[in-house]
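Before any comments, here is the structure.
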Amino acid sequence: MFSRGRALRAGGVVASAALLLPLVSATPSATAQQPGPGFLQGEFTAAAARYRVPESVLLGVAYLQSRWDTHSGAPSVTGGYGPMHLTDARTALAEAPHHSDPSEDARGDSSRPARTVTGAALPTASALPARLRTLDRAAALTGLSAKELRQSPAANVRGGAALLASAQRELGEPLSADPADWYGAVARFSGADDSATASAYAQDVYEVIRTGERRTTDSGQRVTLRAVPRVAPDTSQMGRLGLRAGNAAGTECPKSVSCTWLPAPYEEFGEGDYGNHDLADRPASQSVDYIVIHDTEGSWDTTLKLIQDPEYVSWHYTLRSSDGLIAQHVRTKDVAWHAGNWYVNAKSVGLEHEGFLAAPDAWYTEAMYRTSARLVTYLSKKYSIPLDRRHILGHDTVPGTTTATIPGMHTDPGPYWDWAHYFELLGKPFRATAGADADVVTIRPDYAANQPPYTGCEKPGQACAPHGSAAVRLHTAPDEDAPLVKDVGLRPGGDDSTIDVNDVGARATTGQQYAVAGRAGDWTAIWYLGQQAWFHNPRGGPTAVGATARVLTPRKGLTGIPVYGRAYPEAAAYPAGVPVQTVSAFPYKLLAGQRYVVGGSGPGEYYYAPTFDTSGHRVVRGEERYYEIQFGHRIAYVKASDVEVRPAGRPRG
């Protein structure tokens with residue numbers, strides 16, 4: 001989870017974190033002949049025949065690993081390469097845990113001293129688990145070099161086929177043409193060391209085999225897996241894998257995923273200080289309204305060490321990239337210190353995903369996306385949380401608490417998190433609910449084709465590698481050469497926003513909804529941070545779709561109203577012994593005539609929890625009501641007494 005304050009250090013982080021960089025350059029030469037669009041399909045067919053693996057099994061495993069993308073030979077966040085995600089993480093030497101950033105107090109509450117952290121000792125490259133060294137095994141089985149397996153999609157597919165065939169033989173199973181006979185080998189390929197994770201992975205692969213898939217990959221390859229609807233795998237093979245038992249007792253996870261319990265310590269240090277979360281009684285005490293999506297900016301192993309440090313901060317769950325394994329750390333009834341905004345923390349569940357914001361090709365696996373979607377679906381049902389971008393937040397959309405905290409808020413999971421695919425997995429895809437000329441739009445670019453330039457992934461000002469993005473850029477006029485819109489919270493001096501990968505000042509992201517402020521040719525303007533903001537939205541390749549939603553505007557007679565980063569009660573609501581929290585307005589203004597899409601609403605609330613002893617904790621609830629709005633890239637809050645709410649958008653005809 002990078003913040004703007006750490007952007008200047010991103011170069012050192014990315015250069016030293018081996019999981020972010022291929023061991024050799026993967027960029028094809030300008031004169032290299034590019035394969036035809038059917039090349040990769042042919043390589044799957046050839047590798048399946050050579051190693052006697054059913055083609056449907058090989059394609060299904062590769063889909064779950066990478067969705068058949070090659071990422072130009074760059075590694076995933078766990079050092080996996082190519083369509084088969086063959087792992088080679090031997091050079092993992094250093095990481096940069098995001099909560100070590102002192103620019104944001106993860107607790108986000110002024111009732112006690114800010115939680116400051118110094119991070120942990122950097123890990124060494126020794127004793128990497130087998131799941132992070134599968135490329136070496138593939139090299140031994142195929143005779144291909146590690147370089148070929150990393151860089152060549154054809155070699156990579158052959159390596160994956162060889163690993164599957166080897167696993168099948170080790171289980172004493174024949175190299176059968178029937179995909180139903182390969183359940184154990186598929187589960188082994190996951191690299192999981194517990195039966196629940198391996199089984200969930202295998203079930204996902206077989207679901208893909210049953211339904212079929214078809215897509216054009218990031219390299220322009222057209223790949224098809226024809227459905228095998230009646231395949232019924234032999235799940236009894238799981239008993240021979242020798243894996244440890246599955247879900248830990250008491251974890252709050254759906255049955256379809258694997259969860260382990262690794263508790264964050266609730267511990268007192270002395271002199272009134274304690275960590276690293278707060279006990280509560282949600283939802284009896286307060287509703288849980290948000291799920292916050294983070295990335296770890298560090299490896300799985302390092303992240304798990306940090307969560308066990310009582311002087312560190314906390315979050316509820318961590319998800320592993322290689323296979324989607326979930327570790328739960330804090331009960332969802334309790335409040336973790338993760339989002340940098342105490343109001344949001346008190347009403348949210350935080351999910352950390354193994355990954356790196358500023359490494360475009362340190363890609364997330366399909367296994368992690370799917371597991372995360374299952375967990376979010378489970379939590380949304382448990383707490384009645386709507387599945388939309390006003391309630392499923394990125395940390396980059398959580399507002400600061402006061403004007404002073406705006407510049408230090410974190411910016412993960414960033415523009416490379418695929419929100420469109422994520423919400424498809426949640427069963428809530430972003431589709432048009434109104435015509436193209438509607439009064440409200442949902443941001444929805446084509447992730448693969450949408451590649452706005454960014455800088456700062458490796459060094460300040462240096463161009464990032466071209467990559468698909470969920471975000472569109474916002475200008476002051478309908479022209480690519482027009483300046484980007486300003487964010488006076490991020491830059492009080494009035495400087496323009498930038499295209500730095502951590503700069504959210506002029507950015508709208510997939511799934512976010514905004515009221516339309518104007519149209520001009522292929523451009524659409526939205527109301528954003530109190531101003532018109534234009535983005536390119538051609539009818540032939542739209543980056544947004546029409547939507548219906550409720551919007552609000554200042555009530556009649558008001559020229560402008562304040563905007564807040566937290567919905568705290570009015571002073572009269574606080575009982576004796578609980579200090580009144582300042583309702584501090586942001587430097588922005590919501591002006592008359594402007595409209596913003598409404599999220600949830602409710603009375604102002606404040607969870608007073610400054611001590612280890614919970615007997616003095618109180619939930620203060622006021623009479624003043626607030627609306628959540630999509631104000632800029634981040635959400636914000638306005639007082640209900642200041643606004644009028646109305647429906648907007650025209651249904652599709």
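For this chain, numbers begin at 1 and follow the sequence in order.
- Side-chain polar atoms of Thr217 and Ser219 form a donor-acceptor pair below 3.5 angstrom.
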Check your understanding: Checking side chain to side chain contact (heavy atoms under 4.5 Å, CB included) for the pair Asn537/Trp523: CA distance, chi angles, key distance, verdict?
Key -> CA-CA 5 Å; Asn537 186 29; Trp523 289 77; over 6 Å; no
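- Within the 4.5 Å cutoff, side-chain heavy atoms of Arg634 are placed close to those of Thr411.
- Of all heavy-atom pairs between Pro429 and Glu424, the closest is CB-CG, 4.0 Å.
- The shortest side-chain heavy-atom distance between Arg595 and Leu552 does not fall under the 4.5 Å cut-off.
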**Study point:** Test log, rule side chain to side chain contact (heavy atoms under 4.5 Å, CB included), inputs Asp496 and Lys486
**Key:** CA-CA 5 Å; Asp496 290 338; Lys486 299 178 187 294; 2.5 Å; yes
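- Taking the six-membered ring for Trp and the full ring otherwise, the centers of His475 and Trp534 sit at least 6.0 Å from each other.
- Within the 3.5 Å criterion, the main-chain N or O of Gly546 finds no donor-acceptor partner in the side chain of Arg444.
- Between Tyr454 and Tyr416, a ring centre-to-centre spacing shorter than 6.0 Å is recorded.
- Residues Asp487 and Arg507 fail the side-chain proximity criterion, which asks for heavy atoms closer than 4.5 Å.
- Contact check for Lys347 versus Ser287: side-chain heavy atoms found under the 4.5 Å cut-off.
- Rounding to the nearest 0.5 Å gives a distance of 8.0 Å between CZ of Phe430 and CH2 of Trp419.
- When only modelled atom types and interatomic distance are considered, Arg566 and Gln581 share no side-chain donor-acceptor pair under 3.5 Å.
- The line from OG of Ser497 to CG of Asp503 is 5.0 Å long, rounded to the nearest 0.5 Å.
- Put simply, the side chain of Thr70 never gets that close to the backbone of Gly73: no donor and acceptor are under 3.5 Å apart.
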Review point. Can you check side chain to side chain contact (heavy atoms under 4.5 Å, CB included) on Asp295 and Glu354, steps first, answer last?
Key: CA-CA 6 Å; Asp295 74 44; Glu354 186 180 14; over 6 Å; no
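- Within the 4.5 Å cutoff, side-chain heavy atoms of His338 are placed close to those of Val292.
- For the side chain to side chain contact (heavy atoms under 4.5 Å, CB included) test, residues two or more places apart in sequence or in another chain that qualify with Pro562 are Tyr564, Ala585, Asp642.
- Glu644 places a side-chain heavy atom less than 4.5 Å from the side chain of Arg555.
- Classification of the His71-His467 ring pair by plane angle, with boundaries at 30° and 60°, yields parallel.
- Within the 4.5 Å cutoff, the side chain of Ile443 has no heavy atoms near those of the Thr543 side chain.
- Under the 4.5 Å side-chain criterion, counting only non-hydrogen atoms from C-beta, Tyr596 is not in contact with Arg550.
- In this structure, the ring of Phe631 has its center no less than 6.0 angstrom from the ring center of Tyr637.
- Taking the six-membered ring for Trp and the full ring otherwise, the centers of Tyr369 and His421 sit less than 6.0 Å from each other.
- For the pair Ser314 (side chain) and Asn276 (backbone), a donor-acceptor distance under 3.5 Å is present.
- Annotation: Trp417 is in aromatic contact with Tyr422 [ring centroid separation under 6.0 Å].
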